[in-house]
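First the structure, in the form of structure tokens, and then the observations on it.
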Amino acid sequence: WQKITGVGHSSKPDSFLITGVSGKVYELTGKPQEVQEWVTAIRSALSERPVSYIRDPSKPQTQWEGWARVKGKGDQYLMLRSGVLLFFQDNPQIVSSALDKLSGFVTLTEDTFVESMYVLTQQPIHQYSFVICTEQYLTIQTKSQADVTKWVVLIRRVIQDNINESQHIQSTTSTVNTRRLKDKGGWMSKRGGKRYFLIRNNVFMWFEKEQTDTTRNTKNSIPLAGCSVCDGTELEDSPSVMLLTSDGRIYILKPSTAEEAKDWVQVLQESIIYANDAKKGTSAETNEAGKDKKVGWLTKKGKRRHFVLQNGVVMWYYSEESQVVKGSIYLTGCSITIGKEPTQIIIHTSTGRRDYPLTAATEKEAKEWLDELWVQVRAANQKEAKSQSMLRQRYQDFVQALFMGGLDMISALVDICDSDEVIDSLVQVSAGQGRHLALLSHLVNKIVHTTELENTLFRTDSMTTKATRAFMYQVGKLYVHNILRPVVSELLVDTRGFEI
């Protein structure tokens with residue numbers, strides 16, 4: 001027996017992967033339909049944890065870590081903490097100052113979408129990659145299908161842990177209707193200087209002197225909605241609190257003792273939960289996220305343009321009255337960052353080949369544009385992810401129907417369709433289901449029994465020859481490369497002449 005902590009699909013339709021408490025991955029095989037039923041049942045069982053379950057929020061947890069290639073960032077060392085996925089330029093456990101190598105992070109919330117790229121696309125080229133969809137759309141490539149499964153399963157587990165923790169806190173705290181917790185204050189070091197920090201009304205603020213009046217002498221303040229926090233003690237080798245904001249900033253705060261660090265982490269986590277709850281309540285009373293319209297003037301390449309942001313698309317015009325769109329950006333898969341100046345916003349396209357720096361008149365306007373762009377990017381990414389999920393389900397239903405009666409339906413399609421595209425698709429689908437040899441054998445037997453003259457067998461451009469050619473291109477090409485590569489490599493360095 002084995003206590004299961006996660007489940008996921010493998011690269012083969014007749015097997016699936018499960019992870020145990022030790023982190024070891026097991027592959028189980030069965031009929032494709034039964035495999036899907038098992039995966040669904042296990043996922044349902046894993047999600048039905050009692051609300052009273054809550055992990056210790058003050059204990060830093062490394063759910064999983066290792067090297068991977070992040071699109072747009074290159075090779076990164078990934079570390080999964082409670083509620084956040086951290087990206088490092090080097091292994092933080094072997095460098096002197098780990099946080100100096102921190103290159104980015106992703107806050108994991110209940111709205112975060114994570115899935116294997118192979119499951120989404122059914123393309124073998126994507127079997128070692130997975131995608132995370134939050135405010136940005138990240139594609140991460142690992143070394144094996146097992147690594148993909150581990151990352152996907154454990155990230156989902158962390159997300160579910162956070163949901164359970166939120167439900168537990170809201171069900172056991174009498175202040176749930178006020179959407180905030182009790183105030184907390186104390187001294188911590190920030191960039192070498194001592195500051196007095198205070199949490200009040202879901203806002204984290206600090207002062208040069210100890211005080212309770214938040215209307216004066218505030219050095220800075222951070223609304224906690226959308227933030228995440230984790231204990232950075234093991235990364236810094238000293239008591240540390242790592243606060244990650246929704247706009248991508250990282251604050252390293254140092255209490256006097258490890259116990260104080262744990263206490264600050266716990267209180268900040270609880271305050272973030274209430275801040276997110278308050279933000280949800282506000283957004284539910286207004287418009288649906290991503291449907292708001294924002295207009296205004298921004299500077300692009302030194303020229304002021306009138307911009308309109310609506311339904312996941314940024315458009316710009318020469319003037320407010322103009323009806324001709326000068327340009328547009330679809331926000332699906334884009335990421336948003338702050339430029340060198342606080343008034344500058346940069347939109348990074350999903351391809352990574354082009355950036356759009358836009359400058360607002362004031363910092364306040366830039367912050368408003370930044371907030372709304374994040375909302376719209378997130379809504380566009382979630383819409384795209386749901387669309388991909390629906391397409392994947394339709395594809396799976398189609399494939400199941402295609403093979404339901406053996407090869408009768410495929411044979412009928414072959415009889416009425418003679419296009420190369422149809423044959424290529426049928427061969428690819430069959431290979432994905434492990435039925436390609438049965439398909440080719442069926443077509444060969446069929447043409448052998450219907451051909452009248454032996455000297456014309458396989459001589460015409462029939463569906464059988466097309467399917468065989470498609471199979472050779474898709475599967476046999478790699479085989480030929482592996483066989484001929486040593487010979488060709490030897491010939492390339494041989495100084496003797498030869499005839500091809």
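Just so it is clear, the structure is predicted and the values come from calculations on it, not from any experiment.
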* Given I347 and V377, is the side-chain contact (heavy atoms from CB on, under 4.5 Å) satisfied, shown in steps? -> CA-CA 10 Å; I347 302 177; V377 166; over 6 Å; no

[atom2] on [Y] to [atom1] on [X], rounded to 0.5 Å:
| X | Y | atom1 | atom2 | result |
| --- | --- | --- | --- | --- |
| E34 | T29 | CD | OG1 | 10.5 Å |
| S144 | Y128 | OG | OH | 7.0 Å |
| Y196 | W206 | OH | CH2 | 15.0 Å |
| S335 | W374 | OG | CH2 | 11.0 Å |
| S271 | L224 | OG | CG | 6.0 Å |
| T332 | Q376 | OG1 | CD | 10.5 Å |

For a quick test of reading the model, state the closest non-hydrogen atom pair linking [X] to [Y] and the distance between them.
| X | Y | result |
| --- | --- | --- |
| A360 | A366 | CB-N, 3.6 Å |
| C227 | L243 | CB-CD1, 4.3 Å |
| R195 | F197 | O-CD1, 3.4 Å |
| N381 | C334 | ND2-O, 4.4 Å |
| K73 | S103 | NZ-O, 3.3 Å |
| S116 | Q145 | OG-NE2, 4.4 Å |

Evaluate the side-chain proximity of [Y] to [X]: yes if any heavy-atom separation is below 4.5 Å, no if none is.
| X | Y | result |
| --- | --- | --- |
| F471 | L439 | no |
| K294 | E368 | yes |
| Y356 | T349 | yes |
| I222 | Y251 | yes |
| W151 | I140 | no |
| Q269 | I273 | no |
| F16 | T149 | no |
| L85 | L138 | no |

* To do: Check whether the side chains of E27 and S15 place a donor and an acceptor atom closer than 3.5 Å, and report yes or no.
  => yes

* Counting distance only, does the side-chain N/O of T139 pair as donor-acceptor with the main-chain N or O of K71 below 3.5 Å? -> no

* Asked: Checking Q141 side chain against S129 main chain: does a donor-acceptor pair fall under 3.5 Å?
  -> no

* Asked: Considering residues, nucleotides and ligands other than K194, do more than 12 of their heavy atoms fall under 6.0 Å from its NZ?
  -> yes

* So does K190 have more than 12 non-hydrogen atoms from other groups sitting under 6.0 Å from NZ? -> yes

* Those residues that, when tested against D75, pass salt bridge (Lys or Arg N to Asp or Glu O under 4.0 Å) (two or more places apart) -> R69

* Which residues pass the side-chain hydrogen bond (donor to acceptor under 3.5 Å, both in side chains) test with T337, sequence neighbours left out? -> H348

* Asked: Salt bridge between E115 and R156, side-chain N to carboxylate O under 4.0 Å?
  -> yes

* To do: Show your working on side-chain contact (heavy atoms from CB on, under 4.5 Å) between K184 and D263 and close with a plain yes or no.
  => CA-CA 10 Å; K184 175 177 173 57; D263 187 50; 2.8 Å; yes

* Classify the ring geometry between W264 and F204 as parallel (under 30°), tilted (30 to 60°) or perpendicular (over 60°). => perpendicular

* side-chain contact (heavy atoms from CB on, under 4.5 Å) between F87 and L78, worked out -> CA-CA 5 Å; F87 303 109; L78 275 57; 3.6 Å; yes

* Asked: Could you walk me through whether M242 and L86 pass the side-chain contact (heavy atoms from CB on, under 4.5 Å) check?
  -> CA-CA 11 Å; M242 187 188 304; L86 304 171; 4.3 Å; yes

